[in-house]
Each structure stands twice: as structure tokens, then as C-alpha cells.
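A short write-up of the structure that comes next.
Because the structure is predicted, anything quoted here is derived from the model rather than measured. Lettering follows sequence order; numbering is per chain, from 1.
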Protein chains: 2
Amino acid sequence: MNEDSFLKCIVDSNRRRILMFVGQGEKCVTELVELTGMEQSLVSHHLRSLRDCGLVRSRRHGKKILYNTSSSDIVDLLSRIREVADSVKELAEGRECV
Amino acid sequence: MNEDSFLKCIVDSNRRRILMFVGQGEKCVTELVELTGMEQSLVSHHLRSLRDCGLVRSRRHGKKILYNTSSSDIVDLLSRIREVADSVKELAEGRECV
DNA sequence: CACACATATAAATACACATTCATATTATGT
DNA sequence: ACATAATATGAATGTGTATTTATATGTGTG
């Protein structure tokens with residue numbers, strides 16, 4: 001049930017991009033809008049999903065709300081996923097020749 | 001682009017179940033139907049997705065077609081994902097009290 | 001208090017995709 | 001060659017969900 005919502009959350013590439021950015025340090029929504037090029041409301045929606053899953057945390061700082069990852073494990077896992085995806089891709093392409 | 005299709009493939013819990021079963025050793029479609037309780041056509045559809053992504057391989061053995069994982073990294077990654085999901089869940093639940 | 005800035009939310013739309021149902025393909029044994 | 005077993009495919013359906021548009025909420029400042 002939980003692994004499921006976790007994966008549903010990181011399957012979206014826009015949410016993964018947000019995760020990578022906040023993984024490099026606290027960011028406010030406006031910064032994320034600029035970094036990603038997405039609409040503000042879309043960023044907010046995704047941040048909501050990420051927070052509901054426990055993938056990011058937020059704190060208020062004046063008018064702004066700062067977001068960061070709840071755990072560094074998450075960013076590590078994302079790169080591990082990319083590694084495995086790449087190696088699987090190579091295997092699959094090697095097989096095409098057969 | 002590729003990380004994306006990889007994640008889209010493992011986000012489905014039925015495909016993850018299939019992956020876990022074939023990760024324990026070669027299985028034919030009929031076995032997977034019995035193990036998972038899914039309809040035969042559904043298993044076939046999912047196996048197709050998994051094969052298109054390079055996550056499983058198949059070979060013919062008589063009437064049957066045997067499937068297995070293309071790499072043991074995949075099963076390892078699935079358990080790693082479960083670990084991180086669990087730890088994130090704990091963090092999130094700890095935060096609820098605040 | 002009123003205004004501007006920062007963020008969140010709600011409803012509407014569009015689209016992807018899992019599942020089902022029906023049917024096709026391929027192989028084996030007699 | 002035929003019947004049956006094993007698997008695959010195609011079309012139809014339904015459901016979930018990302019994105020957009022519009023609006024609301026909250027916060028500091030003059």
C-alpha cells in the first residue's frame with residue numbers, strides 16, 4: 001500500500017525533477033517555478049503530492065515556504081534507479097541483434 | 001526517456017508481483033496465472049510490457065514460454081525501494097504528531 | 001487597512017493506461 | 001490433419017490523474 005504510493009509519486013518526471021532540485025538545498029516555490037519552467041499551480045500541486053507521501057518537508061520563512069527532501073536516501077535511490085534503468089536498457093538493446 | 005519507461009513499468013503492483021515471482025526462477029505463463037490469480041490475458045499483457053522495457057526475458061520450451069528477470073539488479077532494486085518507502089513512511093508518520 | 005507578493009486549492013479538461021472480453025497464433029500429441 | 005494446450009493480441013471500457021484556468025488564502029509592508 002505504501003510502496004505503491006511512493007512509486008506513484010516518483011513515477012512522474014516533473015515530481016522527480018522537483019525532488020532533484022530540493023535535494024540540492026532548500027528551495028521556495030517561486031525558485032522551483034523558475035528552475036523547472038512549470039506553472040506555479042502545477043508546482044504547488046506536485047509539492048502537495050510529494051509532501052503527502054513524505055518525500056519533502058516544508059517550513060515557513062517570511063512570505064515564502066521552503067521545501068527540502070525529508071531524507072537523502074531519496075535522491076540516492078533516484079540515481080540508483082537511473083543506473084539500473086540504464087543497465088537494463090543496454091541489456092535489452094544487446095538482445096535486439098539476436 | 002528511459003528511466004521514465006522503467007519506472008512506469010514497475011509502478012504497477014501486478015507487474016512488480018510478476019517480477020518477484022520470475023525473480024525466484026523461470027516461470028511459464030500458466031504458473032504465473034496460478035501464482036498471481038490474474039487472468040491469463042492480463043498476465044500476457046504485463047509480460048509484454050515487462051519485456052518491452054527489458055525487465056524480463058523469455059525462451060520457448062515446448063508449448064510453454066519461460067520467463068525470467070533479465071538482471072538480478074532489478075529484484076534488488078525493488079527491495080531497496082521498499083526499504084526507502086518504509087523509512088520515508090516512518091519519518092512522515094513521526095511528523096504527524098508535530 | 002489596503003496592496004502586493006507568495007502559495008494553495010478547486011473545478012474542469014484531457015489523456016494515459018489497467019483490465020476485460022473475445023479471438024488469433026503457435027506447438028504438441030494422436 | 002485435427003484437437004487441444006499455451007500464449008498472445010486487439011478492441012472496448014473504465015478509471016485515475018496530470019495539467020490548466022481561475023480563484024482563494026496567507027503574509028509582510030507602506
Side-chain angles (χ1 to χ4, degrees), chain A residues 1-22 25-69 92 95 98, chain B residues 1-22 25-70 92 95:
Chain A
M1 302 289 163
N2 189 55
E3 184 189 7
D4 220 83
S5 55
F6 177 85
L7 276 167
K8 272 181 188 154
C9 206
I10 64 171
V11 77
D12 184 272
S13 65
N14 280 333
R15 281 196 288 268
R16 285 203 305 281
R17 285 208 298 150
I18 290 177
L19 268 181
M20 295 308 286
F21 283 125
V22 299
E26 271 187 333
K27 301 273 183 298
C28 70
V29 179
T30 308
E31 282 176 304
L32 290 170
V33 168
E34 288 164 2
L35 286 167
T36 62
M38 303 189 230
E39 298 221 354
Q40 179 268 319
S41 66
L42 184 53
V43 172
S44 270
H45 278 303
H46 283 317
L47 284 171
R48 178 83 144 88
S49 306
L50 288 165
R51 206 152 60 93
D52 286 349
C53 279
L55 292 177
V56 301
R57 296 189 167 188
S58 60
R59 69 183 181 95
R60 173 145 242 146
H61 181 67
K63 283 191 229 177
K64 308 192 169 183
I65 297 189
L66 301 176
Y67 285 85
N68 63 4
T69 50
R95 246 172 63 83
V98 179
Chain B
M1 303 293 162
N2 189 55
E3 185 188 7
D4 219 85
S5 55
F6 177 85
L7 276 167
K8 272 182 189 154
C9 207
I10 64 172
V11 76
D12 184 271
S13 65
N14 279 334
R15 281 195 289 267
R16 286 203 305 280
R17 287 208 298 149
I18 290 177
L19 268 180
M20 295 307 287
F21 283 125
V22 299
E26 271 187 332
K27 301 273 183 298
C28 71
V29 178
T30 309
E31 282 175 304
L32 290 170
V33 169
E34 288 163 0
L35 286 167
T36 61
M38 302 189 230
E39 296 218 354
Q40 179 268 318
S41 65
L42 184 54
V43 172
S44 270
H45 279 302
H46 283 317
L47 285 171
R48 178 83 144 88
S49 306
L50 288 165
R51 206 152 60 93
D52 286 349
C53 279
L55 293 176
V56 301
R57 295 190 169 188
S58 60
R59 69 183 180 94
R60 174 145 243 149
H61 180 68
K63 283 191 229 176
K64 308 191 169 185
I65 296 188
L66 301 176
Y67 285 85
N68 62 5
T69 51
S70 56
R95 246 171 64 83

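Put simply, B:R48 has no side-chain N or O that comes within less than 4.0 Å of OP1 or OP2 on D:dA8.
What you find for A:V33 and A:Q40 is that their closest heavy atoms are CG2-CA, 3.6 Å.
Taking atom CG of residue A:L50 and atom C1' of nucleotide D:dA18, one finds them 13 Å apart after rounding to whole Å. The nearest whole Å value for the distance from the CG atom in B:N14 to the P atom in D:dG16 is 15 Å. Atoms CZ (A:R59) and P (D:dT27) sit 15 Å apart, rounded to a whole Å. Taking atom NE2 of B:H61 as the reference point, atom P of D:dT7 lies 11 Å away to the nearest angstrom. Atom-to-atom, CG of B:L42 to P of D:dT9 comes out at 15 Å; the value is rounded to the nearest Å. Rounding to whole angstrom units, NE2 of residue B:H45 and P of D:dG14 are separated by 17 Å. Put simply, CE on B:M38 is 14 Å from P on D:dT7, counting in whole angstrom units. Between the CD atom of B:E34 and the C1' atom of D:dA6 there is a distance of 12 Å, given to the nearest Å.
Atoms SG and CG, from B:C53 and B:L19 in turn, are 10.0 Å apart once rounded to the nearest 0.5 Å.
B:Q40 contributes no side-chain N or O that forms a donor-acceptor pair with the base of D:dA6 under 3.5 Å. For a distance-only test at 3.5 Å, the side chain of A:S41 qualifies as a donor-acceptor partner of the base of D:dT21.
When the nearest nucleotides of DNA chain D are assigned to B:T30 and A:R60 by heavy-atom distance, the more 5′-ward of the two goes with B:T30. Remark on DNA chain D: of its neighbouring residues B:E31 and A:H46, the 5'-side contact belongs to B:E31, judged by nearest-heavy-atom nucleotide.
Ion pairing of B:E26 with B:R59 is present here, as a side-chain N (NZ or NE/NH1/NH2) and a carboxylate O approach within less than 4.0 Å.
Considering only heavy atoms from C-beta on, A:V29 comes within 4.5 Å of A:L47 through its side chain.
Contacts of A:K64 with the nucleic acid, taken as non-hydrogen atoms under 4.0 Å apart, involve only primed sugar atoms and P, OP1 or OP2.
When distances run from any side-chain atom of B:Y67 to the nucleotides D:dT9, D:dA8, D:dG28, the shortest one goes to D:dA8.
Inspection of the B:T30 and B:E34 side chains reveals no N or O donor paired with an N or O acceptor under 3.5 Å.
With hydrogens and angles disregarded, a donor-acceptor distance shorter than 3.5 Å links the side chain of A:R15 to the backbone of A:C9. A:K63 places no side-chain N or O within donor-acceptor distance of the main-chain N or O of A:H61, the cut-off being under 3.5 Å.
Note that the first and last nucleotides of DNA chain C, 5' to 3', having any atom under 4.0 angstrom from a heavy atom of chain A are C:dC5 to C:dA10.
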